[in-house]
Amino acid sequence: MNEKASVSKDLNVKHSKVTKHGEDEMILEGLLRLPDNRECADCRSKAPRWASVNLGIFICMQCSGTHRSLGVHISKVRSTTLDTWLPKQVAFMQSMGNARANSYWEAKLPPNFSRSGIDRFIHAKYVDKKWVSNTAANPSFNASGKGSTIDDLVERKKPKPYSKENEEIVS
């Protein structure tokens, strides 16, 4: 077995111990049956089978490629059927969905806006934040103002920077 296959096998074993893969698949299938999630959050094509786990949206295969090209700092793409999901990712998808996410990302999108040139549309939507309303609540943040994106669901204790010159913590 080569090194890459060994790492993949180890990760799958680790994740299968953490998640109930079959249960997660059933939850995701249930979410995909909801009326708001039956079409791609971006191009509106029917029956999406991919998701951006940090944006909380379901997308089609074509749009998943565009999302991947944005980089993982913008969109983290997973297959709803082929990839292993962490419990926190499934939970975040349950809390979001296409309607809630688009109420933020498309708040100022004109009605009947043409989505031709879908790559440019997706870039404008998530990178440029072209149609985000100043008054719309960001679905990635809770009422306290503390982040609740997928990465924030896992508590991380980051060490504070240390300044050797003055021997004190710099914040």
Side-chain angles (χ1 to χ4, degrees), residues 8 11 15 19 24-156 158 161 171:
S8 293
L11 285 173
H15 287 181
T19 65
D24 291 343
E25 282 182 15
M26 288 175 36
I27 292 169
L28 291 171
E29 278 300 317
L31 292 173
L32 286 165
R33 285 190 207 110
L34 296 174
D36 293 331
N37 298 331
R38 288 184 187 161
E39 58 184 30
C40 175
D42 295 327
C43 74
R44 305 290 190 232
S45 67
K46 301 295 179 202
R49 290 286 170 227
W50 293 82
S52 173
V53 297
N54 62 312
L55 297 174
I57 58 171
F58 292 100
I59 51 179
C60 68
M61 185 186 291
Q62 179 188 354
C63 291
S64 74
T66 304
H67 275 260
R68 285 185 192 278
S69 73
L70 299 176
V72 295
H73 62 290
I74 303 291
S75 185
K76 297 176 184 177
V77 178
R78 297 279 183 279
S79 167
T80 60
T81 56
L82 302 174
D83 290 325
T84 303
W85 286 57
L86 298 173
K88 65 181 182 177
Q89 294 169 327
V90 175
F92 190 70
M93 294 301 293
Q94 287 178 295
S95 72
M96 291 297 294
N98 292 355
R100 184 170 180 210
N102 280 341
S103 70
Y104 173 75
W105 294 105
E106 297 181 359
K108 295 190 328 188
L109 185 70
N112 302 318
F113 185 84
S114 172
R115 292 168 191 251
S116 62
I118 193 66
D119 293 343
R120 286 188 311 274
F121 174 80
I122 291 171
H123 190 277
K125 183 175 176 179
Y126 300 106
V127 177
D128 302 336
K129 300 178 182 179
K130 188 171 182 175
W131 301 289
V132 173
S133 173
N134 298 342
T135 58
N138 184 335
S140 298
F141 289 87
N142 62 31
S144 70
K146 182 177 178 186
S148 62
T149 63
I150 189 71
D151 292 328
D152 295 326
L153 292 175
V154 177
E155 287 188 41
R156 296 182 189 177
K158 296 181 183 176
S171 47

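All of these numbers come straight from a predicted model, not from anything done at the bench. The first residue of the sequence shown is numbered 1, and numbering continues consecutively from there.
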Student: Please confirm whether the backbone N or O of Gly97 pairs with a side-chain atom of Asn37, one donor and one acceptor, at under 3.5 Å?
Tutor: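 Not confirmed, Asn37 side chain does not pair with Gly97 backbone.
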Student: Going from NZ on Lys125 to NE2 on His67, what distance comes out if it is rounded to the nearest 0.5 angstrom?
Tutor: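 If I round to the nearest 0.5 Å, the distance is 7.0 Å.
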Student: Measure across Val53 and Met93 and return the closest heavy-atom pair with its distance rounded to 0.1 Å.
Tutor: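 For Val53 and Met93, the tightest heavy-atom pair comes out as CA-SD, 4.1 Å.
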Student: Measure across Ala124 and Trp131 and return the closest heavy-atom pair with its distance rounded to 0.1 Å.
Tutor: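 Smallest heavy-atom distance, with atoms named: CB-CH2, 3.7 Å.
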Student: Does the side chain of Trp85 come within less than 4.5 Å of Thr80's, by heavy atoms?
Tutor: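 Side chain of Thr80 against side chain of Trp85, heavy atoms only: contact under 4.5 Å found.
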Student: With rounding to the nearest 0.5 Å, note down the distance linking CG in Leu55 to OH in Tyr126.
Tutor: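 Spacing of CG (Leu55) from OH (Tyr126) equals 6.0 Å.
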Student: Mind listing the closest non-hydrogen atom pair of Cys60 and Pro48 along with its distance?
Tutor: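 So the two residues come closest at N-CB, 3.9 Å.
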Student: Taking all atoms of both residues into account, what is the closest heavy-atom pair of Arg78 and Asp83, and its distance?
Tutor: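 Arg78 and Asp83 have their closest heavy atoms at CA-OD2, 3.3 Å.
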Student: Drop me the distance from Arg100's CZ to Ser95's OG, to the nearest 0.5 angstrom.
Tutor: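 Here the rounded value is 6.0 Å.
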Student: Taking Arg38 for the side chain and Arg33 for the main chain, is one N or O donor matched with an acceptor at less than 3.5 Å?
Tutor: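 Side chain of Arg38 to backbone of Arg33, a donor-acceptor pair under 3.5 Å: yes, one is there.
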Student: Nearest 0.5 Å please: distance from the CG atom of Leu31 over to the CE atom of Met96.
Tutor: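 Output value for this atom pair is 12.5 Å.
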Student: State whether the side chain of Asp24 and the backbone N or O of Leu86 hold a donor-acceptor pair below 3.5 Å, judged by distance alone.
Tutor: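 It does not hold such a pair.
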Student: Which pairs pass ring pair (Phe, Tyr, Trp, His ring centres under 6.0 Å) with one or both residues in residues 26-47, sequence neighbours excluded?
Tutor: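 Not a single pair qualifies under ring pair (Phe, Tyr, Trp, His ring centres under 6.0 Å).
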Student: Heavy atoms only: give me the nearest Ala51-Ile59 pair and the separation to one decimal.
Tutor: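 Closest approach of Ala51 to Ile59, heavy atoms only: N-CG1, 4.0 Å.
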Student: Got a second to check how far Thr66's OG1 is from His123's NE2, nearest 0.5 Å?
Tutor: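 Interatomic distance, Thr66 OG1 to His123 NE2, rounded to 0.5 Å: 11.0 Å.
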Student: Arg44: what forms a salt bridge (Lys or Arg N to Asp or Glu O under 4.0 Å) with it, not counting sequence neighbours?
Tutor: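 By the salt bridge (Lys or Arg N to Asp or Glu O under 4.0 Å) rule, Arg44 matches Glu39, Glu106.
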Student: Checking Asn102 side chain against Ala41 main chain: does a donor-acceptor pair fall under 3.5 Å?
Tutor: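 Answer holds: yes.
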Student: Ignoring hydrogens, what is the shortest heavy-atom contact between Phe121 and Asp42? Give both atom names and the distance.
Tutor: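 Smallest heavy-atom distance, with atoms named: CE2-O, 3.7 Å.
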Student: Taking Cys63 as the fixed residue, which of Ile57, Ile122, Asp119 is the one that meets the side chain to side chain contact (heavy atoms under 4.5 Å, CB included) rule?
Tutor: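 That would be Ile122; it is the only one of Ile57, Ile122, Asp119 passing the side chain to side chain contact (heavy atoms under 4.5 Å, CB included) with Cys63.
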